[in-house]
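Order of listing sets the numbers, starting from 1, for every ligand and every atom in it.
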Amino acid sequence: MADIISGKIIKGIGGFYYIDAEDGHLYECKAKGIFRNKKIKPLVGDNVNIEILDPENNLGNIVEILPRFNSLIRPAVANVDQTIIIFAVSEPEPNFNLLDRFLVSMEKSGVETIICFNKTDLSPDNMEACRSYSKSGYETIFISAREGEGIDRLREIIKDRTTVFAGPSGVGKSSTLNAIKPEAEAQTGAISDKIKRGKHTTRHSELMHIGGRTYIMDTPGFSSLYVDSIEAEDLKEYFPDIAAYTGKCRFNMCNHVSEPDCLVKQAVADGEISRIRYEDYVMIYNDLKEKRKW
Ligand code: GDP
Ligand code: ZN
């Protein structure tokens, strides 16, 4: 009987899966036989049991996929603990509407999100607008990949978790990932050597092992934006800062748009809710209303 050990799929290409196993080795595995009667296909991020077929060459076969607690479609990845969405405070100017739509989609998928504003060294005029996200109900951190500010906090946040990094291009996502990595690079040398780094492309979902149980996935752009499939009347539940007021306004069913005596509008006027967030909420709400007519 071959040895059975557990591990995590960090990459899958053309029917081969690369498993970062508990013994510290990277195994190249197929998923032969066991999935015939099941609809479940192995996903990057899956925790699996593998049978070691050839210990010399680190070859094996996946014999079991352990239960997933969640999965995303784009990027295709299972067991995601959190997403970190990176924007720059400037260069490029943050697109807050895109950020809010992304937050709604992550709220819908049920994956915890942390907002990360990079390039604080540029100290631009719209810093206050970025700071207003600290009131959004999401942990919001400010970093400078260039100067190292906030990188320790970022390391703390990702420690022993599986994190998907998303963000528009140019915001400094690669610089941030590089700033996080050095410390870990030494520990994972064996693993990174096995995967041919030179051939790395972001077209495949791939988890980077940052030591211990810390994994990160770099994803270009954004994962699936689910905003379309939400009813306008439900949108308020996907804004944590606004959801806190559900049922508290004069009208029990208040959508906080044009109703009188609205506590959300009052909170915006008082500066308790970010005006940018609220305006994006109204814009998305109206978009969803419009779509229904079609
Ligand atoms: P990506 O497209 O999001 O991966 O962004 P890059 O990491 O390639 O960075 C895009 C540009 O922003 C590069 O010119 C970086 O040097 C610059 N950049 C990245 N981080 C910072 C930062 O913290 N401050 C400043 N001023 N520039 C940065
Ligand atoms: Zn209201």
Considering only the protein, which heavy-atom contact is closest to atom 24 (N) of ligand 1, and what is its distance? D121 OD1, 2.8 Å
Say whether E147, considering both its backbone and side-chain N or O atoms, lies within less than 3.5 Å of an N or O atom on ligand 1. no
Please state which protein non-hydrogen atom is closest to atom 7 (O) of ligand 1 and give its distance, to 0.1 Å? S175 OG, 2.5 Å
Could you check atom 3 (O) of ligand 1 against the protein and tell me its nearest heavy-atom contact, residue, atom and distance included? K173 N, 2.7 Å
Taking the Zn ion (ligand 2) as the vertex, what is the angle from SG of C249 to SG of C254, given to 10 degrees? 110°
Under 4.0 Å, heavy atoms only, figure out whether ligand 1 is touched by the backbone of L122, its side chain, both or neither. side chain
Which residue holds the protein heavy atom closest to atom 4 (O) of ligand 1, what is that atom called, and what is the gap in Å? S174 OG, 2.4 Å
Among all protein non-hydrogen atoms, which one is nearest to atom 20 (N) of ligand 1, and what is the separation to 0.1 Å? N118 ND2, 3.2 Å
Under the 3.5 angstrom rule, does the side chain of Q82 hit a backbone N or O of V80 as a donor-acceptor pair? no
I need the nearest protein heavy-atom contact for atom 12 (O) of ligand 1: residue, atom name and distance, please. K119 NZ, 2.9 Å
Do you see a protein non-hydrogen atom under 4.0 Å from atom 14 (O) of ligand 1? no
Below the 3.5 angstrom mark, is there an N/O of V171, backbone or side chain, next to an N/O of ligand 1? yes
Just so I know, are the side chains of I5 and Y27 near enough to count as touching, which here means a heavy-atom distance under 4.5 Å? yes
If you measure every N/O of G170 against every N/O of ligand 1, is any gap under 3.5 Å? yes
Under 3.5 Å, is there a donor-acceptor pair linking the side chains of N58 and H25? no
Kindly give the atom name of the N, O or S atom of H256 closest to the Zn ion (ligand 2). ND1
What residue and atom, counting heavy atoms only, is the protein's closest point to atom 16 (O) of ligand 1, and at what distance? R146 NH2, 3.1 Å
Do N118 side-chain atoms and V171 backbone N/O form a donor-acceptor pair below 3.5 Å? yes
How are the rings of F239 and Y281 set to each other: parallel, tilted or perpendicular (split at 30° and 60°)? perpendicular
Donor-acceptor pair, distance only, cut-off 3.5 Å: does the side chain of H256 make one with the backbone of E259? no
Hey, is ligand 1 close enough to S169 that some N/O pair sits below 3.5 Å? no
Do the side-chain N and O atoms of Y17 and D46 include a donor-acceptor pair separated by under 3.5 angstrom? no
Exactly one of R277, K135, K236 should register a salt bridge (charged side-chain N to carboxylate O under 4.0 Å, His left out) with D241. Which one does? R277
If I compare all heavy atoms of T162 with all of D81, which pair ends up nearest, and what's the gap? N-OD2, 2.7 Å
Main-chain N/O of K32 paired to N61 side chain as donor or acceptor, under 3.5 Å: yes
